[in-house]
Amino acid sequence: MDAYDEGSRARHLPDGPDGSLPEGPASAGPTPDSTPSIDQESIGQESTDQESVPQRPASQAPTAQAPDAQASAPAPQAPTADPPVPTPTGIASLPLRSQVVAALALAVVAVVACVHLGMVFLHVAPSNTVTKQHGRAIDDWIYPEFEQNWKLFAPNPLQQNIDVQVRAQVRGADGAITETGWYDLSALDGAAIDGNLLPSHTQQNELRRAWDFYIGTHDNENRPVGLRGDLSQRYLRRIVVLRLDREGAGDKGAVVESVQVRSRTTNVPPPKWSEEKVSDTPVLRELPWWTVPEEDVTDARTEASAG
């Protein structure tokens, strides 16, 4: 037993006295005949451990990837189809001929809108070279439908009722000239508007604006002031002639020879809680007699036949 122990120690411990390997050819490395001893018991145990662990094929071996690499890897994208062609809408969806008609209509509307805006601008603008040369054309476009009136924003709005009245001298079928009574044209318009949910612009504003136009272009002596005095007079005269023919002034077949217009102005009474005192006496303003030209009579008859 001692010899075996010593032999075993001799094989496993260094031969040198200080524990180092002995010098010589034997220390250069193992020789072919010298095989290191292997503990058979340990080999058997290792083989048993290897068999107990299931082996995974190389193709199924897990590969360790960094978390950042997994997060940054792009997901596979499915192939996308071509985007659908948008369906044309609006004018583009119409046939070619309809597109041309619609384009022309839009162009006409745009031109008329630009002309109207230009006329309104020249009407409200201060006097300039264009308004002096083409004032008549501007007035014909603006009056009476598009006249600008800023009295709504005045600090002291209108507090009067103004009735426009007219009477006429008519020549009957026998040649005799007679004078009619006063026709209250404003009262007739008021009666037509009362109870009407959709009154016409003519019934509401034509006569009133014509009278305001005349007052603004004439002084208290009924003398024209400015370049539009004659225009306002002819405009008011034609309106009252048309209204007289509509009301059947004179007998059947009678012809209006001359007309006279007047205004009857009364103050609106203040409310009961107000201490303001105003006169309730009407104020009359009579214009001179105007001879009616033949063209005004013809226009009146044409409108009556058309109506």
Side-chain angles (χ1 to χ4, degrees), residues 82-155 157-158 164 185-186 189-190 192-193 196-218 224-243 246 293 295-296 298-307:
D82 295 337
V85 179
T87 304
T89 58
I91 298 180
S93 62
L94 300 176
L96 179 60
R97 181 176 299 178
S98 300
Q99 291 183 16
V100 174
V101 174
L104 291 177
L106 291 176
V108 171
V109 172
V111 171
V112 173
C114 292
V115 172
H116 177 69
L117 292 177
M119 290 293 188
V120 173
F121 172 78
L122 293 174
H123 173 68
V124 300
S127 179
N128 53 67
T129 304
V130 178
T131 56
K132 291 179 181 178
Q133 294 181 356
H134 306 285
R136 181 69 176 273
I138 296 174
D139 291 340
D140 291 343
W141 180 277
I142 294 297
Y143 293 104
E145 289 82 4
F146 307 116
E147 183 180 1
Q148 304 299 308
N149 181 11
W150 306 108
K151 292 181 180 179
L152 175 64
F153 306 99
L158 294 177
V164 179
L185 303 182
S186 298
D189 287 344
I193 294 172
N196 188 353
L197 297 179
L198 297 174
S200 67
H201 178 76
T202 301
Q203 293 172 339
Q204 298 179 80
N205 298 318
E206 183 184 50
L207 182 63
R208 178 179 60 84
R209 298 306 302 139
W211 179 255
D212 290 343
F213 185 26
Y214 180 87
I215 295 299
T217 56
H218 289 75
V225 177
L227 302 176
R228 299 188 298 173
D230 181 65
L231 175 64
S232 63
Q233 177 177 328
R234 290 186 289 108
Y235 181 62
L236 179 60
R237 183 186 65 216
R238 176 165 295 191
I239 288 177
V240 298
V241 170
L242 293 175
R243 297 292 299 273
R246 187 185 308 170
E295 59 182 5
D296 289 353
T298 303
D299 291 342
R301 291 176 178 175
T302 302
E303 180 178 332
S305 60

*Asks:* Where do Lys132 and Ser127 come nearest, in terms of heavy atoms and distance?
*Replies:* CE-OG, 3.4 Å

*Asks:* Got a sec, which residues hit side-chain hydrogen bond (donor to acceptor under 3.5 Å, both in side chains) with Asp189, two or more places apart in sequence or on another chain?
*Replies:* Arg243

*Asks:* Apply side-chain hydrogen bond (donor to acceptor under 3.5 Å, both in side chains) to His116 and list each qualifying residue two or more places apart in sequence or on a separate chain.
*Replies:* Trp141

*Asks:* Can any side-chain N or O of His218 pair as donor or acceptor with the backbone N or O of Tyr214 at less than 3.5 Å?
*Replies:* yes

*Asks:* So which heavy atom on Pro224 is nearest to which on Gly229, and how close?
*Replies:* CB-CA, 3.8 Å

*Asks:* For Phe213, check ring-ring contact (aromatic ring centres under 6.0 Å, His included) against everything at least two apart and list the hits.
*Replies:* Tyr143

*Asks:* For Leu207 and Ile239, which heavy atoms make the closest approach, and how far apart are they?
*Replies:* CD1-CG2, 4.3 Å

*Asks:* Working to the nearest 0.5 Å, report the span between NE2 of His123 and OG1 of Thr131.
*Replies:* 11.0 Å

*Asks:* Please report, to 0.1 Å, the donor-acceptor pairs under 3.5 Å made by any side chain of residues 88-99, with sequence neighbours excluded.
*Replies:*
| from | atom 1 | to | atom 2 | distance (Å) |
| --- | --- | --- | --- | --- |
| Ser93 | OG | Gly90 | O | 2.6 |
| Gln99 | NE2 | Ile91 | O | 3.4 |
| Gln99 | NE2 | Ala92 | O | 3.2 |
| Gln99 | NE2 | Leu94 | O | 2.7 |

*Asks:* What residues form a side-chain hydrogen bond (donor to acceptor under 3.5 Å, both in side chains) with Arg238, not counting sequence neighbours?
*Replies:* Asp296, Asp299

*Asks:* Nearest 0.5 Å please: distance from the CG atom of Asn128 over to the NE2 atom of His134.
*Replies:* 10.0 Å

*Asks:* Listed by chain and number, what are the side-chain contact (heavy atoms from CB on, under 4.5 Å) partners of Arg136, not counting sequence neighbours?
*Replies:* Asp140, Leu231, Arg234

*Asks:* Identify, with sequence neighbours excluded, every residue that meets side-chain contact (heavy atoms from CB on, under 4.5 Å) alongside Thr129.
*Replies:* Gln133

*Asks:* Using side-chain contact (heavy atoms from CB on, under 4.5 Å) as the criterion, list what pairs up with Gln203, not counting sequence neighbours.
*Replies:* Ala192, Ile193, Asn196, Pro199, Ser200

*Asks:* Can you name the residues that form a side-chain hydrogen bond (donor to acceptor under 3.5 Å, both in side chains) with Ser186, not counting sequence neighbours?
*Replies:* none

*Asks:* How close do Glu206 and Thr202 get, counting heavy atoms only, and between which atoms?
*Replies:* OE1-CG2, 3.0 Å

